[in-house]
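Below: the structure, in structure tokens.
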Amino acid sequence: MIKITLPDNSVREIESGTTGLNIAKSISSRLAKEVMAISVNGEVWDLNRPITTDANIKLFTWDDREGKETFWHSSAHLMAEAIEFFYPGTKFGIGPTVDTGFYYDVDLPEGKQLTEKDLADIEKKIIELARTKSEIQRSDVSKADAMAMFTEKSDELKLELIRELEDGTITLYNQGNFTDLCRGPHLPNTSYIKAIKLTSIAGAYWRGDEKNKMLTRVYGVTFPKQKFLEEYLVMMEEAKKRDHRKIGKEMELFTFSQAVGQGLPLWLPKGAMLRQQLEDFLRKVQNKFGYEQVITPHIGNVELYKTSGHFQKYGEDSFQPIKTPAEGEEYMLKPMNCPHHCELYKFKPRSYKDLPVRMAEFGTVYRYEQSGELHGLTRVRSFTQDDAHIFCRPDQLKDEFKKVIDIIFIIFKALDFENYTAQISLRDPEKPEKYIGSPENWDKAEQAIIEAVQEKGLNTVTELGEAAFYGPKLDFMIKDALGRSWQLGTIQVDYNLPDRFDLEFIGADDKRHRPIMIHRAPFGSMERFVAVLIEHTAGKFPLWLTPEQVVILPISEKYNEYAQNVSDFLNNCDIRSLIDDRNEKIGRKIRDNELKRIPYLLIVGEKEAETGQVSVRKQGDGDQGVMSKDEFAAFLNNEVKKQLSAFYN
RNA sequence: GCCGGGGUAGCUCAGGGGUAGAGCGCAUCCUUGGUAAGGAUGAGGUCACGAGUUCAAUUCUCGUCCUCGGCUCCA
């Protein structure tokens, strides 16, 4: 007999060799049906693997991440079996799970190709295979046996993987006619898988290295119930409606032109207005935090970027230098603002009493991103950073860093961004050649971020190898409508640029000292931020950001005078745009489709003219009642306040 | 940059070797004047661009540009 301990700390005595599935059965028959995996002393196991020692266990179902992963991992194997059925001789790379579903990288036989049209057949086959209720069996094998087996299949992808494994740790999983090298765990049998959707097909480099062969990656997602699949499909449809590229076009916020060039966004009037609102908002916040606005040119001498180190790092992948009539003189479109700001810092000697110096600029930069990477407004070749650089003393660093976190919180709160991930990006200790600057400075910079984050009580994940080449950073990531993660806010600690630019301040000791630089951009870039904002609000921006809010619709011309009064009033309320149906003095004629998008409609008619009132309608919310001018003022202010309250809090 | 889909009216898309289609939108007129509407008529297209095959190319082939899904990259 062995002792197992459940998550609630209750202990059960069971026979040695009992499986997770049997334990689940002994608890309840319903759990036995839903359970998908078990953790044994912290390690996730197959349900049908015998437990032979005392253990802490936890059972996982579809509701647990571990349950889903086991489910999808088995699904990947099943898909591989189906693909092998249609394309014998296919070689299999890796088939892991992702956030939603799984994929398998496959190398199809010479001359064969998978297209979207083939997916339906594979889906059918998978369901067919699932229904056979094949057991998924685990077996330990020696390295030699594993090598022999995959040599016979001449699957050099698997052989490459096996070569890197240690003898004694190699396990195979088999279901039906398919055997795969795999660590597991897996479902007991294939019948759990009830519904499948193969979502897409794409190329992917073997082992993620662009020097390697390109394999075919098939993405899929499976569910234990048909209903879950249907819900998933509906959700994806809904998500597509929120795509900022679609809404941006419909609302006439921005566009692209082949003639202007790839990845170069053109902001339409309404989009420009929206963006300006965001800039004004941030400028106000930054003013409160002691920032000063600066303005720098869009180009800079190549030498400037050689000093900063950016040219050596990115020169070949940038827009190439611009020649001038002068022999040998070259300028670059600026790919970042920092070097310009360093020069601003240097324009006069700085005292320790002057620090911190906080320079802010909505600076437009130009980066030649790989063509395949461009994506709506989230990845473009010209974008405007809400950039600022803080030059401070070492003793001010942590405090300054924390204040930047505060600014980011103000922004996220005002715009209801709750589901962000804060990520500390540190250097990759195994690839020091990727970074500039001394290890001591890197240690200091990384430590400063970690401490500031701890003191702010921020939940973070830490990623090694994600740092910028000149310093570590704290990034705020937000997901778009389709669940893709984008970096928005970023704060970076930099000891290197001050060195390279030989920045100094005079200390209280009358000696020269090196300031530390913080790079930061709460929005990240205006382009990307607007994109994410569109997807979060589905184009229903907070009132204070809405391009057009109120329409006056007089019923007949003799009320124009009254409409004019209302219009004057609205103008005083900082309402940007008024549209009137028939009064040309106020505006152009309104179109029906425009009317549908406008949040507030005022109807000014005979009754209202007599009583001095307006009928107010709110889009999606119907009649708000008949109001006097003052009542309407109060109403509108209240609406604005509702939207602003988050900011005021 | 790489693999694989696309590019037909302002938008969403159908079609297909013989001079181009729908719905929505747009324009004009009518109707309606407490209404986020109804009707009639009409204007919009070198079928992304360039070359080739052909009696004939928007359709087939190749190249270029752009775009979409991934991969790689992301100062």
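Letters A, B, ... are given to chains in the order of the sequence lines, protein chains preceding strands, and every chain is numbered from 1. Keep in mind that what you see is a predicted model, and the values were worked out from it rather than measured.
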Worksheet item: How would you label the contact of A:K473 with the nucleic acid (heavy atoms, under 4.0 Å): base, sugar-phosphate, or nothing?
Response: sugar-phosphate
Item to complete: Determine if the base of B:G63 is syn or anti; take syn to mean the glycosidic torsion is within 90° of 0.
Response: anti
Worksheet entry | Nucleotide nearest A:E210 (side chain, heavy atoms from C-beta), chosen from B:C71, B:G1, B:C74 | B:G1
Identify the pairs formed between an N or O of the protein and an N or O of nucleotides 2-6 of chain B at a distance under 3.5 Å, and give each distance.
from, atom 1, to, atom 2, distance (Å)
B:C2, O4', A:Y205, OH, 3.4
B:C3, O2, A:G203, N, 3.2

Fill in: A:Y305 and A:Q312 side chains, donor-acceptor separation under 3.5 Å
no
Practice prompt. Look at A:Q258 and B:C65 and indicate whether a side-chain polar atom (N or O) is within less than 4.0 Å of OP1 or OP2.
Written response: no
Worksheet item: Which part of the nucleic acid does A:H375 contact within heavy-atom distance under 4.0 Å: base, sugar-phosphate only, or nothing?
Response: sugar-phosphate
Worksheet item: Using a cut-off of 4.0 Å on non-hydrogen atoms, how would the nucleic acid contact of A:R379 be classed: base, sugar-phosphate, or nothing?
Response: base
Practice prompt. Tell me what A:Y219 touches on the nucleic acid: a base, only sugar-phosphate, or nothing, going by heavy atoms under 4.0 Å.
Written response: sugar-phosphate
Item to complete: Answer with base, sugar-phosphate or nothing: what part of the nucleic acid does A:Q262 contact at a heavy-atom distance below 4.0 Å?
Response: sugar-phosphate
Discussion item. Expected output is a numbered-order residue list: members of residues 302-315 of chain A with a heavy atom under 4.0 Å from any atom of RNA chain B. What is it?
Written reply: A:H310, A:Y314
Item to complete: Pick base, sugar-phosphate or nothing for A:F256, based on heavy-atom distances below 4.0 Å to the nucleic acid.
Response: nothing
